[in-house]
Amino acid sequence: MFITKRNFCALAAAATIALTSVPAAVQAFEPTKPIDFVIMAGKGGGADKMARLMQSIIEQEGLSARPVVPTNKSGGSGAEALVHMKSASDPDHTIMVTLNSFFTTPLRQPGLDVDIMQFAPVGRMAEDTFLLWVHKDEGITSFDQYLEQAKSRGSDWVMGGTGKNSEDNIITDFLNSNYGLEMKYIPYKGGGEVAKQVAGRQITSSVNNPSEALGFFESGDLIPLVAFTDERLPMFPDVPTLKEAGGDFSYFMQRAVVGAPGMSDDAAAYYTDLFTKVYESAAWQEYKSSKSLMGDFMAGSDLKAYWDTQRTRHTEILKASGAIN
Amino acid sequence: MKRAEIVTAFVLGLLSLYLMWKAGEPPSWNPDVGRFANIGMIEGEGPGSGFWPFWLSFAMLLSCIWIAINWFRGTSPQSQSKEPFLDAYGIKMLVLVGGGLIAFLVLISFLGFYAAIFFFMIYYMFVLGRHPWVTTMSVSIGLPVISFFFFDIAMRIPLPKGYLEPLFIPLYDIFL
Amino acid sequence: MEVLVALSDGILVALEPLNLGLAVLGVIVGLFVGAMPGLGSVNGVAILLPFTFVIQSMTGSATSPMIFLAAIYYGAMYGGAISSITLGIPGASTAVATTFDGRPLALKGQADRALVTAAVASFVGGTISTMLFTGFAPMLASVALDFGDPEIFALMLLAFATFVGLGGDDIPKTIFSICIGLVLATVGFDIVSGEPRLIFFDSVNWFSRGIQFLVLAIGVYGIGEMLWTINSSRYGTTMTNVDVSFSRIMAALRSFPEAWKGTTIGSLLGFFVGILPAAGATPGSLMSYGVTKMVSRDPKQFGQGSIDGIAAPEAANNSASTGAMLPMMTLGIPGSPTTAVLLAGMVIWGLQPGPLLFSEQPDFVWPLIGSFYISNIVAVLVNLACIPLFLWMLRMPFTILAPLIFVLSLIGTYAAYQNPYDVWLMVLVGIAAFFLRLLDYPLAPAVLAIVLGPIAEPKLRQSLLFSDGDFSIFFTRPIAGPITVIALILIFLPLLKLIRDKIRGRRAA
């Protein structure tokens with residue numbers, strides 16, 4: 001009964017405050033309730049791990065007055081998350097961590113009627129990188145050998161990736177069309193599963209992010225052949241970039257935090273500030289370097305400009321592969 | 001012969017037909033593909049995306065027809081049973097309890113979980129269960145309060161609060 | 001010997017006051033989270049993940065946080081049985097099979113015996129699997145790598161096969177139930193083609209994620225079954241009549257050896273299925289139930305409150321959850337949402353899951369394994385101590401318990417995925433399930449189908465992509481082949497029997 005009484009008092013007090021206090025002309029924004037932190041992917045993936053790391057940093061350093069509550073909305077390659085954001089009842093308390101499906105899903109599903117430029121550009125936390133991996137027992141050590149082998153094996157060379165028309169599929173399509181390969185592409189549920197399939201030699205190669213393949217790289221089971229980046233990765237100094245190997249292609253995965261459409265400027269500024277602190281924390285920097293992530297912090301209009309170029313690029317890529325008209 | 005058995009079989013048969021039709025739907029971004037293009041085996045790939053939903057729904061349709069045949073021949077226990085599908089008590093129960101649940105859901109979308117639990121418990125315990133006011137009120141108030149502390153505060157799963165959200169902000173100030 | 005030395009060192013670390021305290025706390029949290037329908041180990045683990053970061057910065061190692069989260073995981077596996085037995089609602093997919101016999105036994109007034117059996121079987125399963133884990137972990141990791149898509153599919157087929165006999169006597173209704181479960185499992189986006197399927201009314205909010213197992217399970221058991229109980233028992237009944245007494249619990253403990261068969265099968269089969277990187281603990285617990293029923297001398301007892309039928313899935317889900325740690329730690333792939341969060345935790349604490357974890361991080365691995373033993377002992381003691389509390393709940397008047405179950409079902413469904421549409425869907429499913437129940441449609445097959453379907457279908461299609469659409473891949477591979485053949489025999493055996501009986505019946509007539 002004690003708690004009940006106390007709650008009654010609190011409720012009564014709450015009612016009075018809610019009824020009497022007129023919200024003063026907003027100064028700086030502070031969250032007043034738990035922040036809905038939407039993850040555009042399922043539990044256990046790269047985006048999920050990062051989101052939970054960000055949440056842990058925020059909690060540990062006490063950066064936010066209210067808790068950040070992660071919710072996974074993985075349906076329809078991010079469609080569920082995008083629609084949830086678009087219809088958020090309180091955009092000032094709704095943020096989302098994104099993948100590249102942030103660009104591709106609205107293009108592939110115009111019916112969602114989502115315009116990514118209406119999202120608030122809170123901050124880009126990193127860009128994830130892609131490498132081409134094969135099993136050590138394939139006896140391949142260079143990109144040229146890979147091309148030779150893959151060409152001679154035709155569709156017996158199997159590439160695995162996360163989902164259809166995803167980042168992995170885009171890179172596979174690029175390799176197939178530019179090097180005259182006929183690799184077969186099999187979509188899986190998550191990057192960890194793909195890496196395991198290569199390690200168990202169920203499939204021949206993959207284009208995993210470093211964080212997904214690192215365990216098998218350290219044990220020597222998987223070998224990286226080429227990096228789809230502009231410069232060599234500090235963690236893999238001996239692995240050439242595709243540009244060095246004669247190709248003109250680089251591809252990254254955006255790891256950014258966005259605010260729901262309709263978020264006020266004050267709120268967006270608050271979150272940008274919050275995630276700048278997360279970005280600068282030792283734990284985040286440590287994670288970034290140990291998982292071979294690239295990209296500096298980016299926010300505001302810079303981030304929007306980045307989205308614009310990425311959207312244009314993905315439109316071209318998807319058109320070229322026939323995924324959209 | 002119990003009529004509900006055949007009516008249900010018929011309704012489920014219609015549902016199966018709808019599922020079959022829906023399974024063959026082309027993806028929204030590629031309207032050039034015809035309906036039912038995806039329900040067969042694709043050369044070199046195995047079953048298409050609509051293969052399982054379509055043929056499993058077809059199996060549902062067949063079993064509905066089977067159920068109907070059993071009913072006409074009177075070979076299944078339900079087709080022989082003389083008991084009414086739902087007697088007067090059953091209908092009253094369904095309206096009172098099922099209706100209460102629907103009302104509960106509607107209340108949730110306006111007033112949120114906690115207030116809706118309060119009203120639902122009062123309705124069920126006082127109106128249906130005829131418990132004394134004291135018991136009713138202590139459960140009806142205690143349950144949402146415990147739930148709030150368990151879900152919103154301890155588990156960090158904020159339940160929807162509908163239009164009552166502003167009332168909770170001071171509580172967050174105190175407990176979060 | 002080396003292993004034993006490492007293990008005993010590990011156990012000593014796990015017994016340090018801080019680690020022991022965290023294990024006890026974790027087990028208690030897990031027990032209660034697991035006992036709530038809708039919530040499960042995954043919620044407990046995900047919510048406390050940020051807190052472990054704090055523990056880590058205090059102790060400086062990843063061991064204590066992992067011990068804490070692993071204890072929650074175990075506790076929840078024990079807790080899952082509680083709502084299955086007392087309320088008849090499986091709180092998580094791992095506890096579905098426990099309802100089949102746990103519920104009937106509780107209705108017979110032996111809820112105490114069911115709970116005790118579940119707790120002890122969980123303990124035995126957890127401990128046996130921890131021993132297997134201790135002795136053979138690195139070796140088993142390579143077995144897990146040999147399981148590709150066709151092997152996993154064959155295994156899922158086997159899981160289905162062990163359940164062929166589960167439905168009622170009405171064959172078309174059983175087929176209908178299996179099929180509708182499988183169809184509902186395909187709702188949402190297809191992984192292989194990337195196309196949306198069965199998005200009813202084109203509603204992204206409702207259906208893009210697919211229909212979740214819990215929506216169907218809580219709908220069927222929490223709403224449908226409850227309405228049916230209210231309808232058939234009329235006003236004024238209590239759920240069960242149980243006397244809580246120390247002597248009854250002791251008697252139940254003493255009679256536990258009767259369940260040796262289910263416990264043994266569950267512990268071994270559960271562990272083996274658990275280490276395969278696909279499924280987590282659910283298929284393991286389902287298969288153990290099916291196999292135990294198959295080899296039982298008295299299969300008719302199953303579904304009526306068989307002790308073996310409770311022990312098998314409970315031993316299996318604990319055993320499998322230990323097993324599932326293996327692919328997570330050595331291969332970096334999660335078999336279940338809970339292990340996915342644990343994996344995220346390991347990454348946050350700065351560990352790299354992979355084949356080298358065992359050799360490079362012995363300071364992390366051995367205390368963790370040590371804590372598995374400790375947590376299991378703690379969990380069984382806490383669980384047994386709490387049984388009177390859970391039984392007391394059942395003694396509430398039905399007009400209080402029933403709305404309480406409804407409220408728990410609704411909140412649980414929301415809390416699981418934070419999607420208000422799921423709650424509506426769950427209630428609608430529940431009301432439909434009530435009507436079907438009145439007409440004797442068996443619904444357990446539908447619930448099982450929605451658990452296994454989403455694992456089986458992608459694996460089937462990935463295999464066929466690999467083989468260019470050639471089904472012989474399931475027969476020619478050395479591991480997949482025998483499993484597929486056994487599964488097909490099991491599926492068609494009852495059918496052949498049926499035809500034989502029909503022919504005999506006709507001859508006799």
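Order of the sequence lines sets the chain letters (A, B, ...), proteins ahead of strands, with each chain counted from 1. All values derive from a computational prediction rather than experimental measurement.
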Among C:Val54, C:Ile199, C:Val341, C:Val347, who wins on heavy-atom pairs under 4.5 Å with chain A?
-> C:Val347
In terms of heavy-atom pairs under 4.5 Å, which option from C:Ala340, C:Pro355, C:Gly148 contacts chain A the most?
-> C:Pro355
Measuring from C:Leu49:CG to A:Leu53:CG, what's the distance to the nearest 0.5 Å?
-> 9.0 Å
Measure distances from A:Ile57 to the heavy atoms of chain C and classify the residue's part below 4.5 Å as side chain, backbone, both or neither.
->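 Answer is both: backbone and side chain atoms of A:Ile57 are under 4.5 Å from chain C.
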Side chain from CB out, backbone as N, CA, C, O: work out which of these in A:Ala195 comes under 4.5 Å of a heavy atom of chain C, or both, or neither.
-> neither
Do the side chains of A:Val68 and C:Pro50 get nearer than 4.5 Å, heavy atoms only?
->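 C:Pro50 does not reach A:Val68 side chain to side chain.
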Minimum heavy-atom distance C:Leu465-A:Pro187, with the two atoms named |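 Closest approach of C:Leu465 to A:Pro187: CD1-CD, 3.7 Å.
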Report the donor-acceptor contacts between chain A and chain C below 3.5 Å as a table, one pair per row.
unit_1   : atom_1 : unit_2   : atom_2 : d
A:Gln60  : NE2    : C:Ser57  : OG     : 3.2
A:Asn72  : O      : C:Arg209 : NH1    : 3.2
A:Lys73  : NZ     : C:Gln418 : O      : 3.1
A:Gly76  : N      : C:Ser208 : O      : 3.4
A:Glu80  : OE2    : C:Arg209 : NE     : 3.2
A:Glu80  : OE2    : C:Arg209 : NH2    : 2.6
A:Lys184 : NZ     : C:Leu465 : O      : 3.1
A:Lys184 : NZ     : C:Phe466 : O      : 2.8
A:Lys184 : NZ     : C:Asp468 : OD1    : 2.9
A:Pro187 : O      : C:Gln462 : NE2    : 2.7
A:Tyr188 : OH     : C:Asp149 : OD2    : 2.5
A:Glu193 : OE2    : C:Lys459 : NZ     : 2.5
A:Lys196 : NZ     : C:Phe147 : O      : 2.8
A:Gln197 : NE2    : C:Asp149 : OD1    : 3.2
A:Gln202 : OE1    : C:Arg477 : NH2    : 2.8
A:Gln202 : NE2    : C:Leu145 : O      : 3.2
A:Gln202 : NE2    : C:Asp146 : O      : 3.2
A:Lys291 : NZ     : C:Gln352 : OE1    : 2.9

When A:Val83, A:Leu82, A:Val69 are compared by non-hydrogen pairs under 4.5 Å with chain C, the top option = A:Val83
Proximity breakdown for C:Pro458 and chain A, heavy-atom pairs closer than 4.5 Å =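 C:Pro458 has no heavy atom closer than 4.5 Å to chain A.
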Interchain contact, C:Ala46 with chain A, by part (heavy-atom threshold 4.5 Å) |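 When you check distances to chain A, atoms from both the backbone and side chain of C:Ala46 fall under 4.5 Å.
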